[in-house]
Each structure stands twice: as structure tokens, then as C-alpha cells.
Amino acid sequence: MKASSSTLTIVFSILFLFLLNISLVTSDSALDNFLQCLPKHSNPSNPITDAVYTPNNSSFQSIYELRANNLRILSSATSKPVAIITALHESHAQATVICARSHGLQVRIRSGGHDYEGLSYTSDIPFVILDMFNLRSIQIDMASETAWVQAGATTGELYYRIAEKSKVHGFPSGVCTTLGIGGHFSGGGYGPLMRKYGLSIDNVIDAQLIDANGKILNRKSMGEDVFWAIRGGGGTSFGIILSWKIKLVRVPAKVTVFNVQRTLDQGATDLAFRWQQIAPNLPKDLFLRLQPEPITGTGNGNKTIRVSFIGHFLGQTGRLVQLMNANFPELGLQRSDCIEMSWVESTLFWAGFPNGTSIDILLNRVQEDRVFFKTKSDYYKKVIPKEGLETLWEVLLDIEDIFIQLNPYGGRMEEISESETAFAHRAGNLFKVQYTVLWSEADGGIGAAERYVEMSRRLYSVMAPYASSNPREAFLNYRDLDIGSNESNNTDFAVAKVYGAKYFKNNFLRLARVKAMVDPDNFFKNEQSIPPLPMPSH
Ligand SMILES: Cc1cc2nc3c(=O)[nH]c(=O)nc-3n(C[C@H](O)[C@H](O)[C@H](O)COP(=O)(O)OP(=O)(O)OC[C@H]3O[C@@H](n4cnc5c(N)ncnc54)[C@H](O)[C@@H]3O)c2cc1C
Ligand SMILES: *[C@@H]1O[C@H](CO)[C@@H](O)[C@H](O)[C@H]1NC(C)=O
Ligand SMILES: *[C@@H]1O[C@H](CO)[C@@H](O)[C@H](O)[C@H]1NC(C)=O
Ligand SMILES: *[C@@H]1O[C@H](CO)[C@@H](O)[C@H](O)[C@H]1NC(C)=O
Ligand SMILES: *[C@@H]1O[C@H](CO)[C@@H](O)[C@H](O)[C@H]1NC(C)=O
Ligand SMILES: *[C@@H]1O[C@H](CO)[C@@H](O)[C@H](O)[C@H]1NC(C)=O
Ligand SMILES: *[C@@H]1O[C@H](CO)[C@@H](O)[C@H](O)[C@H]1NC(C)=O
């Protein structure tokens, strides 16, 4: 059959359009090929089409946004994923790796979506999101006091499910109840049980990981080096965490919490100065966080600083008051300040829910009331002198919406060596600080981002003389691109060494060696991932 001239015209026009849109067309065909590849690599009894969203699907946008926790990132994201795979079965995650790799797409892994810089849902190069949110089973075995927890479960769900089985067990992990276990544990994971039991990863005993070839490994088959790396080195550089096996920890049937607040007029500066010497040395059962914030004072309407001393004690009021009077009498803790409750109820207290809230709220899987924010972190090995605190107060008073927390180290954190897991911030730290500047749409939304981010940088710079140095250490779970980063297609080892030393200290080189073993082509990467250790040149 001969082609008519009109058909030829159409063919040439299409060719012409093709040439004009060459880059667009290539990425479209990469997407088509990727989409066609998926069913070939996943279990047919769990159709992957049920899990695949492209911008064509009406719910694409809402699925993208639902777990994009930081509005600063969500509102400024310049590129969207070409597809989101909301894995409903392990094979969907495996297929995503195999097909993205063979068709030149990057994978961004998202569990709870709380990454402070949004690295789980943004990238500057064509990417797909592998959303682990639906893989969320929690299987608890009380006989061995262990549990298998899938990456998409939240911290709140974990706490709830443990409490269903036992009132005298708990697990050391984060305060926010919508964190995804996948991302949260792999960066360390800490909460008020840290001084007693260490981090989440210190209580992880096995894991399932999908490697860059799409294979599912466990502790035995991944080997001790990889198992070491994903405990504190961030999962995202090594593969996809499918699940963690954890050892539950014992807690008393009743724990005691309190929140005692003092303003500058009430001696907050002296108390904060003393706190630094006392809190890291208290018995392990006692975790005492310090949270200073600017408030509008009562009475004259002038602004002041109010410091909250927020305590968690694995025991009851009588013993707690005794301990506090012996160690920190200046604070003047009273019995009436103390509230006794079950451990699971204490997770609500820490998450900021009002007294009396039902524990069912732990099953709410998505963070409501999202804000715009920028966070930075510091470790302190020396006491901040009073002049330093006064400088800090001045800056806080100058910034409208700021939230800072000082979390005491010591206790169990002191006993675990820096090289036992990839998480290196151990003995010698008095406390870790989180500085978060946050604002809402009403405060200017994305248009005000630059101003607020600048405030966080100013605060960070005035605290430099007091914080750790060489390197100035930072907490991976408080991801901060300011401390050094490369582009989305990150390959530069020299750049990685800079943020690597801050996040991982001497563990960075070992992490890069492990990376070279398991993912030599650097398939799993983001702006702050760990590139493979370059081969020595001869
Ligand atoms: C409101 C709030 C409170 C917080 N409180 C605490 C706290 O008390 N203690 C604490 O330690 N941290 C806390 N964090 C920080 C939190 O631990 C980190 O942001 C953590 O990375 C969140 O994990 P995610 O799965 O929710 O986030 P995601 O954004 O989904 O993931 C975070 C990172 O991990 C990667 N990742 C996610 N899932 C996987 C997976 N399955 N396999 C491999 N890589 C994966 C992502 O690609 C990304 O790089 C808090 C954060 C917020 C926003
Ligand atoms: C999304 O749309 C595609 C067609 O564009 C369809 O094949 C797929 O099943 C849809 N996904 C879901 C989860 O409905
Ligand atoms: C999206 O829809 C358009 C037109 O409806 C179609 O041409 C395209 O192939 C679809 N893309 C996908 C990925 O389904
Ligand atoms: C409140 O602040 C103003 C301006 O700084 C100051 O002049 C005034 O004395 C303050 N009032 C009190 C009661 O401290
Ligand atoms: C908390 O609520 C309980 C009842 O639910 C009540 O007995 C207790 O006094 C409350 N405590 C505080 C500090 O409000
Ligand atoms: C990435 O690294 C290269 C080489 O050091 C550097 O030129 C580039 O500016 C870096 N990119 C970013 C975004 O930091
Ligand atoms: C990412 O970097 C690799 C290696 O340098 C290169 O081959 C690839 O084309 C880059 N991809 C993109 C999308 O820039």
C-alpha cells in the first residue's frame, strides 16, 4: 500500500514536532518504557497497575501532596515526579527499582514524608516516587519481645500496636507520631527513651532491604557491613528498607511526665545554665528536655523568653521528685507538676496532644496543620556560658516564629561506641539542639521563605563559637542542605566528604566503602547521599 501525500505530511509534521521536543519526548518514552516494564517484574496476583499514578490520574496531585510534610519545599518544588508508585506489595518496590534503573529514572523513596528538605519527594532530574506508605504491617511477638515493622508504618501506629499487646513494653523512637519508620529509623531515631535505651537503631536486630538489583536481602544476606550502614547512615544511599525487626524495651506500667516553665524574670538563664551541667548526668530513667521560646510576657506585654523543662521519668512521682530535689533543686519541681500515665499515653504528651486525648489519635497517619519550616542542628560538648545564652535569647526575641529544643545526651548514648553503628554522635556530647524557624501562609508563605531561612542561618552563625567544631556535627534526621550538598544527580566525592564528616564523622569513609560494595553505580542517590568510595588511582 502506498502512502498518500497527506499521510506523509502528517508523518513529517510528527517528526518535526518530535525533533522540537526532543528532551520532552525522551523523558515521555522513558516513562512509557518504565510503565510497561513494571508488570513484567511484579507479582501478577498483586497487579501493579493499582499502585501506579501518573499525572493523568485524578488523584496524582493529592497523593503527591499528602505526605509532603514541609510546605516550604512543596510550594517551591520545581519539578514533579513522572510517576508515583504506592507499593501495595513488596514486588512493586522491587519492580520500581529494576525498571527505573533500566530506563534511566531516579527513584526517591518516601515513607512518612517528613524529610526536612523534602528529598523524598523532590529532585531536579526525571524521577519517580516509590511511596512505601501502604506497606505498614506490624507483627509483634511477645514471646521473644520482638516485632517486624514495615517501612510505611508510622511511629504512632507502632506505639499503639505495642500498647495493644503490653502495658510494660515500649520502643525508643521519635516524638512526632506521623514519622515513617523507613526514613526515621535509618537516620538514628531518638525520643525520650534515648538516655535509657539509645536510639531506634540501637534496638534494631534485623532488616529487609531491596538492593540496586531489586533483590530482597535480610541481615544475613546483606552482611554485617550493610546492616551497619543502614543503622544511622540513612537507608536512602543503600537501598529500600522494606522492614525492620526490633527488640521491644521494657517500661514501667506508670511513667511520669512534667513540663515546668520559667521566664527570664523567674531565673530562666541561671536554670538553663545549670541544666546543661545536670541533664546529661541524670540517672538514665530521667530525660529532661529544654525548650526556650520567645513569648509575649504577661502584664506589661513586653516579649520575654520562657524556658520549658520537659521531663520523662521511667518511674513514679515520689521517686522523681526525690531525684530532682537531689540533682536539680533550683528548678523546684513539685509533686503537683507531675502527671503519671501509661507509657503509650506519654507518647501523646510528647507529641503535644492535650491531656485526655484518646490514644486512637496515634492511628492518624498523616500530619495535619503543616507549616513552612527550616531546621538546623548542632551538637554541644561544652556548656554554653551565660553570655552565650543571653546572645541566644536576643536572637530568639528577634525572630517571630522559632522553636528550639535542647535534648540531653549521656546515659546509654555514652556507652555505645561511635563505630558500633553508622550513627557517630555518642560519648562526649552534652546535648543536641534543633533550631526550627517556622511560619504559615498568614506569615507570608513561600514568599517569606528567604527571610525566614536567613534567620535560621543567623541563629546558626551566632551559636558557632559554642557548638561542636571540626567538624561542626549535625544530625542526619534533621537534614540541612546548607551544610553541604551536591545536585540531585550526586556523584561528587569531594563534596560528599564535607557533609559526610558532619553527619557521620569518621564513619563516613566506611559508609562510602559499603556503598561501593552494594551500589557501585550509585543508583540510589540524592543531594546528600553517600557516593561510592572512588577506586584508588595507580
Ligand atoms: C514534626 C517532626 C518531628 C520530628 N521529630 C523527630 C524526633 O522526635 N526524633 C527524630 O529522630 N527525628 C524526628 N524528626 C525527623 C525525622 O526522623 C526525619 O525527618 C526522618 O527522616 C523522617 O522519616 P520519614 O520516613 O517520615 O520521611 P521521608 O521524607 O519519607 O524519608 C526521609 C529520608 O529517608 C529516605 N527514606 C524514606 N523511606 C525509606 C525507605 N523505606 N528506605 C530507604 N530510604 C528511605 C527518604 O528518601 C529521605 O531521604 C521529626 C520530623 C518532623 C517533621
Ligand atoms: C492511573 O491511570 C492509568 C492510565 O493512565 C491506569 O492504567 C492506572 O490504573 C491508574 N492508576 C490507578 C491507581 O488508578
Ligand atoms: C495520559 O493521557 C494522554 C491523553 O489522555 C495520553 O496520550 C497519555 O499516553 C497518557 N499518559 C499515560 C502515562 O498514561
Ligand atoms: C517594656 O519595654 C519597653 C521598651 O523596651 C520599656 O521601655 C519598658 O520599660 C518595658 N516595660 C517593662 C515593665 O519592663
Ligand atoms: C489529665 O486528665 C486526667 C483525667 O483524664 C485528670 O485526672 C488530670 O488531672 C489531668 N491532668 C492535668 C495536668 O491536666
Ligand atoms: C556539585 O559539585 C561540583 C563539584 O564540586 C560543584 O561544582 C557544584 O557546584 C556542586 N553543586 C551543588 C548544587 O552544590
Ligand atoms: C547523572 O550522572 C551520570 C554520571 O555522571 C550521567 O551518566 C547521567 O547522564 C546523569 N543524569 C542526568 C539526568 O543528569
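Remember, it's 1-based here, ligands and their atoms both numbered in the order they're listed. This is a predicted model, so every value here is computed, not measured.
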For ligand 1, is there an N or O atom under 3.5 Å from any N or O atom of [X]?
X: G112; value: yes
X: I241; value: yes
X: F373; value: no
X: G113; value: yes
X: G174; value: no
X: I109; value: yes
X: Q367; value: no
X: G183; value: yes

Going by atom types only, do [X] and [Y] share a side-chain donor-acceptor pair under 3.5 Å?
X: N203; Y: Y197; value: no
X: E473; Y: S468; value: no
X: S42; Y: H89; value: no
X: Q291; Y: S308; value: no
X: S45; Y: N43; value: yes
X: S243; Y: Q208; value: yes

Side chain to side chain, [X] and [Y], heavy atoms closer than 4.5 Å:
X: D401; Y: V437; answer: no
X: I241; Y: F185; answer: no
X: V344; Y: L362; answer: yes

Quick check: does A51 get an N/O under 3.5 Å from an N/O on ligand 2?
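A51 vs ligand 2: no N/O contact under 3.5 Å.
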Among all the protein's non-hydrogen atoms, which is closest to [atom], and how far away is it?
atom: atom 44 (N) of ligand 1; result: T236 N, 3.4 Å
atom: atom 15 (C) of ligand 1; result: N477 O, 3.4 Å
atom: atom 9 (N) of ligand 1; result: Y190 O, 2.9 Å
atom: atom 3 (C) of ligand 1; result: C176 CB, 3.2 Å
atom: atom 48 (C) of ligand 1; result: D115 OD2, 3.3 Å
atom: atom 6 (C) of ligand 1; result: L179 CD1, 3.8 Å
atom: atom 26 (O) of ligand 1; result: G180 N, 2.9 Å
atom: atom 51 (C) of ligand 1; result: Y116 CE2, 3.3 Å

Number the atoms of ligand 1 from 1 as they appear, then name those within less than 4.0 Å of a heavy atom of [X], with their elements.
X: G189; value: 11 (O)
X: I240; value: 42 (N)
X: S111; value: 25 (O), 30 (O), 37 (C), 38 (N), 39 (C), 40 (C), 41 (N)
X: V175; value: 7 (C), 8 (O)
X: F475; value: 11 (O)
X: G239; value: 42 (N), 43 (C)

Under 4.0 Å from ligand 1, counting heavy atoms only, is it the side chain of [X], its backbone, both or neither?
X: R479; answer: side chain
X: Y121; answer: neither
X: A151; answer: side chain
X: N69; answer: side chain

Thinking salt bridges, do [X] and [Y] make one under a 4.0 Å N-O criterion?
X: E224; Y: R510; answer: no
X: D202; Y: R412; answer: no
X: K502; Y: D480; answer: no

Less than 6.0 Å separating the ring centroids of [X] and [Y]?
X: F238; Y: F524; value: no
X: Y478; Y: Y435; value: no
X: F287; Y: W350; value: yes

W439 and Y452 aromatic ring geometry - parallel, tilted or perpendicular at 30°/60° bounds
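Parallel: the ring planes of Y452 and W439 meet at under 30°.
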Is the F423 ring parallel, tilted or perpendicular to the F475 ring (thresholds 30°, 60°)?
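Geometry flag for F475 against F423: perpendicular rings.
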To which of [options] does the heavy atom nearest [atom] belong?
atom: atom 22 (C) of ligand 1; options: R110, R67, H114; value: H114
atom: atom 13 (C) of ligand 2; options: L35, D50, T54; value: D50
atom: atom 31 (O) of ligand 1; options: P172, A93, S120; value: S120
atom: atom 3 (C) of ligand 7; options: D124, N489, L105, D492; value: N489
atom: atom 10 (C) of ligand 1; options: H184, M194, R370, Q405; value: H184

Exactly one of R426, R195, K284 should register a salt bridge (charged side-chain N to carboxylate O under 4.0 Å, His left out) with E415. Which one does?
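That would be K284.
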Please indicate, with yes or no, if any protein heavy atom is found under 4.0 Å from atom 5 (O) of ligand 7?
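So far as the 4.0 Å threshold goes, atom 5 (O) of ligand 7 is out of reach of every protein heavy atom.
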Among all the protein's heavy atoms, is there at least one whose distance to atom 11 (N) of ligand 7 comes out below 4.0 Å?
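Yes, at least one protein heavy atom sits under 4.0 Å from atom 11 (N) of ligand 7.
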Those residues that, when tested against R72, pass side chain to side chain donor-acceptor pair (under 3.5 Å) (two or more places apart):
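Checked R72 against side chain to side chain donor-acceptor pair (under 3.5 Å); matches are E117.
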Near [X], which atoms of ligand 2 are under 4.0 Å from a heavy atom of that residue?
X: Y53; result: 13 (C)
X: N57; result: 1 (C), 2 (O), 3 (C), 8 (C), 10 (C), 11 (N), 12 (C), 14 (O)
X: T49; result: 8 (C), 9 (O), 11 (N), 12 (C), 13 (C)

Side-chain donor or acceptor of S237 paired with backbone N/O of I530 under 3.5 Å
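Side chain of S237 to backbone of I530: a pair is present.
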